[in-house]
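So the structure is just underneath, and the comments pick up after that.
Chain naming here is simple, since letters A, B, ... match the order of the sequence lines and numbering starts at 1 in each.
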Amino acid sequence: MRMSHMFLRTLREAPSGADSKGYEYLLRAGFISQLGTGIFSLLPFGKRSSEKIKKILREEMERIGGEEIEMPVVNPADIWKETGRYYSIDKEMARFKDRMNRDMVLAMTHEEAVTALARGIIDSYKKLPLLVYQIQTKFRDDPRPRAGLIRVREFSMKDAYSFDRDQEGLEKVYKDNYKAYFRIFSRTGLPVIVVASDSGMMGGKIAHEYMYLSPIGEDTIIICPECGYTANRQVARFKKELVKEEMKPLEKVKTPDAKTIDDLCTFLSISKEQTCKAVFMVGTFFNEETKEEEEKLIAAFIRGDMDVEESKLSNVTRASEIRPAHEEEIREYGMVPGFASAIGAHGDFVLVVDESVAGSSNLVAGANEEGYHYLNTNYGRDFSGGIVADIASARAGYKCPVCGKELTSSKGVEVGNIFQLGTRYSDAMGATFQDEDGKEKPLVMGCYGIGVGRLLACLAEEYNDENGLSLPITVAPYQVHLVSLVKDQQIADDIYQKLIERGIEVLYDDRKESPGVKFADADLIGLPIRITIGNRGLKEGKVEVKLRGTGEVTSYAIEDIADEVLREIEKETKKIEDNIFEG
RNA sequence: CGGGCAGUAGCGCAGGGGCUAGCGCGUCUGGUUCGGGACCAGAAGGCCGGAGGUUCAAAUCCUCUCUGCCCGACCA
């Protein structure tokens, strides 16, 4: 491609709002352009890189038996009503009516569409297992897009769906995808770790996320450097040191103004581990009978030294949404904010007790009376029932649930995820097959997603320096940047031609610009191999090859240049391929 | 959806009731340069986000609105 006629404008200054290096360079180098909040165009460079990522995605999906399909972005609302997600998902899903006044949605994912397909196509166990995938636009009306391509509203995603007879089959294909994902990320050059994750709106039980660790990430990852345990904080476990001792008699004490755990500990001269903390939320629940959403108070109790992880809380209570409760909502059930406990509470609320409270003895808890607490409260004796579960938020410094060593934490960007969906969608939509025993059974499903743009954004974040991008050769828009500094275009044109004929992807800077401008743009765009044609080398019949990654410079005779560049391309590619791994 | 900030030339910004709205970069024309964001000369480019209002006079003050950015709630 000749730069003199490209649909491109590089920027000398960072557009305002570009807060990360990767995002800044993608904008400045002309990979992307913003059209609205969370809505971007891909310019020629961005499009080419994106296509290279897609090619890798296709190759790796085909490698594990995936077949490419394409499902519509516009879905009739009916199928979303069948699974209930039409109601359980809020404003994040864009909805509209067609001319016949039918409800339509913009698909934010394709479980419904693919399940609708499957129920028409899969009838027998003999066809199973099956794996289909697509690379398709998703629209999610995110309330707060940010950080350039990291979190957007419209994006291209590779989403795959598997169908199996049983859990065993699902686990096999899940493992295939698990490995394929590592191959995919390593082929793009992006370092990732896999973490156990929350299944969120997808439903299902087992799920993993592929995380690119970076300060620009929005997720917090809990990591055990000792044994390798990793999990998204939303689900991360840790070892709780619990002390069970003989129960002492309940005792009410005066604790004026001790509304917080800190105040309470100071006042009574005790440690946080000896207290029980109350956290009140209001959850939205879907009532199966009335088919209506309803709100209910959730009263969660946890040992005073820990915090409640809201995603865990919403998981164990099966609330679709969760928000902090107002004071009146709490008092309605006989509990007094600041001095609250479950003791003496009444009415129909959801009680959740963290293991740390259920497993400890003689904790100090509120007396549900202004200015009073109880000493020696014990779950099972003084209050009982509800859900006993792990709802505690893990953090660095806590102990690993596996090996007991100290955990650390890191920020990460989720670039891919895999879910074992089970029969959640096939049950809801009646997608069944006839098994060997003649019985109709629901298909056992899994789904597997990778965001293309987000992956590109992470790569830009990982591969840059003070001069610009430096993407790996597998995803760079072109392999070679041919920079001509000589007036006589013929020599450069000839070399350009020769490289093209050898199948090399060349970006040819044939613009009438000063050397400084050309070099600066070359660094900014950051193609892995730069060829410079200048009078300096031409005197000896040579041109210069510079590697963007290392800065290494070598001169070659003009007649050898195509061969040498091919050799460099091979070397750069091999660097990536030697590091392909499957987890 | 709450809190904060901002919309003035393609990009980055200045100007905050009073003449024809500026600066840097970029763009165009001519010339000189030509291995790390060159120089000289000339030029083009604006409904000051939009709508109302106050005023003799509004980019500037007021009201409403739209859009974008950051933080939070939220989310893959």
### Task
For A:D219, report the nucleic acid contact type (base, sugar-phosphate, nothing); a contact means any heavy atom under 4.0 Å.
nothing

### Task
Establish, with yes or no, whether the OP1 or OP2 oxygen of B:C75 is under 4.0 angstrom from a side-chain nitrogen or oxygen of A:Q234.
no

### Task
Can you tell me, in whole Å, how much space there is between the C1' of B:G26 and that of B:A9?
11 Å

### Query
Less than 4.5 Å apart, any side-chain heavy atom of A:I495 and any of A:I533?
yes

### Query
If we call it a pair only when both distances are under 3.5 Å in a Watson-Crick or G-U wobble match, what pairs with B:C47?
none

### Task
Select base, sugar-phosphate, or nothing to describe what A:G451 touches, counting heavy atoms under 4.0 Å on all strands.
nothing

### Query
Do the side-chain N and O atoms of A:R28 and A:Y23 include a donor-acceptor pair separated by under 3.5 angstrom?
no

### Side chain A:N535 and base B:G35 donor-acceptor under 3.5 Å
no

### Message
Side chains of A:D494 and A:Q490 only: does a donor on one sit below 3.5 Å from an acceptor on the other?
### Response
yes

#### Entry: Same-atom distance (C1') from B:U55 to B:C13, integer angstrom
30 Å

#### Entry: Watson-Crick or G-U counterpart of B:A41, or none if no pair lies under 3.5 Å
B:U29

### Query
For atom C1', what is the distance between B:A6 and B:C75, given to the nearest Å?
25 Å

### Query
Checking all strands, does A:R153 fall into the base, sugar-phosphate, or nothing category for heavy-atom contacts under 4.0 angstrom?
nothing

### Query
Should A:E218 and A:K411 count as an ion pair when the cut-off is N to O under 4.0 Å?
no

### Task
Find the distance A:R12:CZ to B:G24:P and express it as a whole number of Å.
14 Å

#### Entry: Residues A:K55, A:E51: salt bridge by 4.0 Å N-O rule
no

### Query
Is A:E310 touching bases, backbone alone, or none of the nucleic acid, heavy atoms closer than 4.0 Å?
sugar-phosphate

### Query
B:C47 and B:A51: how far apart are their P atoms, nearest whole angstrom?
12 Å

### Task
For nucleotides B:C19 and B:G2, find the distance between their P atoms and express it as a whole number of Å.
40 Å

### Query
Checking side chain to side chain contact (heavy atoms under 4.5 Å, CB included) against A:V452, which of A:L42, A:V415, A:L57, A:L149 comes through?
A:L57

### Message
Does A:P143 reach a base, just sugar-phosphate, or nothing at all? Heavy atoms under 4.0 Å.
### Response
base

#### Entry: Partner nucleotide of B:C5 by Watson-Crick or wobble geometry (both distances under 3.5 Å)
B:G68

### Query
Would A:E112 and A:K81 pass as an ion pair if we require N to O under 4.0 Å?
no

## Note on the structure
From the candidates B:A76, B:C11, B:G68, the one with an atom nearest any side-chain atom of A:T37 is B:G68

### Query
Using purine N1 to pyrimidine N3 plus N6-O4 or O6-N4 for Watson-Crick, or N1-O2 and O6-N3 for G-U wobble, both under 3.5 Å, which nucleotide pairs with B:A21?
none

#### Entry: Euclidean distance, atom CZ of residue A:R511 to atom P of B:C28 [Å, nearest integer]
12 Å

### Message
For a quick test of reading the model: is some side-chain N or O of A:R9 closer than 4.0 Å to OP1 or OP2 of B:G10?
### Response
no

### Query
Taking atom C1' in both B:G22 and B:U29, what distance in whole Å separates the two?
24 Å

### Message
Categorize A:G36 for me: base, sugar-phosphate, or nothing, with a 4.0 angstrom heavy-atom threshold over every strand shown.
### Response
sugar-phosphate

### Query
With a non-hydrogen cut-off below 4.0 angstrom, is A:K487 in contact with a base, only sugar-phosphate, or nothing?
base

### Task
Identify whether any heavy atom of A:V553 sits under 4.0 Å from a base atom; if not, whether one sits that close to sugar-phosphate; answer base, sugar-phosphate or nothing.
nothing

### Message
What is the separation between atom CE on A:M281 and atom P on B:A73, rounded to the nearest whole Å?
### Response
10 Å

### Task
Please state how far atom CD1 in A:I216 lies from atom P in B:A76, giving the value in whole angstrom units.
18 Å

### Query
Which part of the nucleic acid, if any, lies within contact of A:R146, taking any heavy atom under 4.0 Å across all strands shown: a base, the sugar-phosphate backbone alone, or nothing?
base

### Query
Taking a pair as Watson-Crick or G-U wobble with both distances under 3.5 Å, which nucleotide is matched to B:A73?
none

### Message
Students often get this wrong, so: under 4.0 angstrom with heavy atoms, is A:K546 touching a base, only sugar-phosphate, or nothing?
### Response
base

#### Entry: Same-atom distance (C1') from B:G10 to B:G45, integer angstrom
9 Å

### Query
How would you label the contact of A:D90 with the nucleic acid (heavy atoms, under 4.0 Å): base, sugar-phosphate, or nothing?
nothing

### Query
Could you state the CG-C1' distance from A:L524 to B:C25, rounded to the nearest angstrom?
15 Å

#### Entry: Residue whose nearest RNA chain B nucleotide is more 5′ - A:D521 or A:A147
A:D521

### Nearest to side-chain heavy atoms of A:P515, which nucleotide of B:G36, B:C69, B:A76
B:G36

### Query
When you check the gap from the basic side-chain N to the acidic O, do A:K138 and A:E154 get nearer than 4.0 Å?
no

#### Entry: Short side-chain N/O contact from A:S16 to OP1 or OP2 of B:G68, under 4.0 Å
no

### Query
Between A:L35 and A:E218, which is nearer to the 5' end of RNA chain B once each is assigned its nearest nucleotide?
A:L35

### Query
Between A:T532 and B:G35, does any side-chain N or O lie under 4.0 Å from OP1 or OP2?
no

### Query
What's the CD-C1' distance between A:E513 and B:U33, to the nearest Å?
13 Å

### Message
Please determine whether any donor N or O and acceptor N or O are separated by less than 3.5 Å between the side chain of A:R28 and the base of B:C11.
### Response
no

### Task
Determine the interatomic distance between C1' on B:A21 and the same-named atom on B:A14; round to the nearest Å.
11 Å

### Message
Can you tell me whether the side chain of A:E13 and the base of B:G24 have a donor-acceptor pair closer than 3.5 Å?
### Response
yes

### Message
What contact category does A:E544 fall into here, base, sugar-phosphate, or nothing, at under 4.0 angstrom with non-hydrogen atoms?
### Response
base

### base_contact_polar (B:G72 base, A:R144 side chain, donor-acceptor, <3.5 Å)
yes

### Query
Base, sugar-phosphate alone, or nothing: which one does A:R530 contact when heavy atoms must sit under 4.0 Å apart?
base

### Task
State whether the side chain of A:R530 and the backbone N or O of A:L547 hold a donor-acceptor pair below 3.5 Å, judged by distance alone.
no

### Query
Separation of A:D523 atom CG from B:G35 atom C1', in whole Å?
13 Å

#### Entry: For atom CD of A:Q34 and atom P of B:G7, their distance in whole Å
17 Å

### Query
Is there a donor and acceptor pair closer than 3.5 Å between the side chain of A:R454 and the base of B:A76?
yes

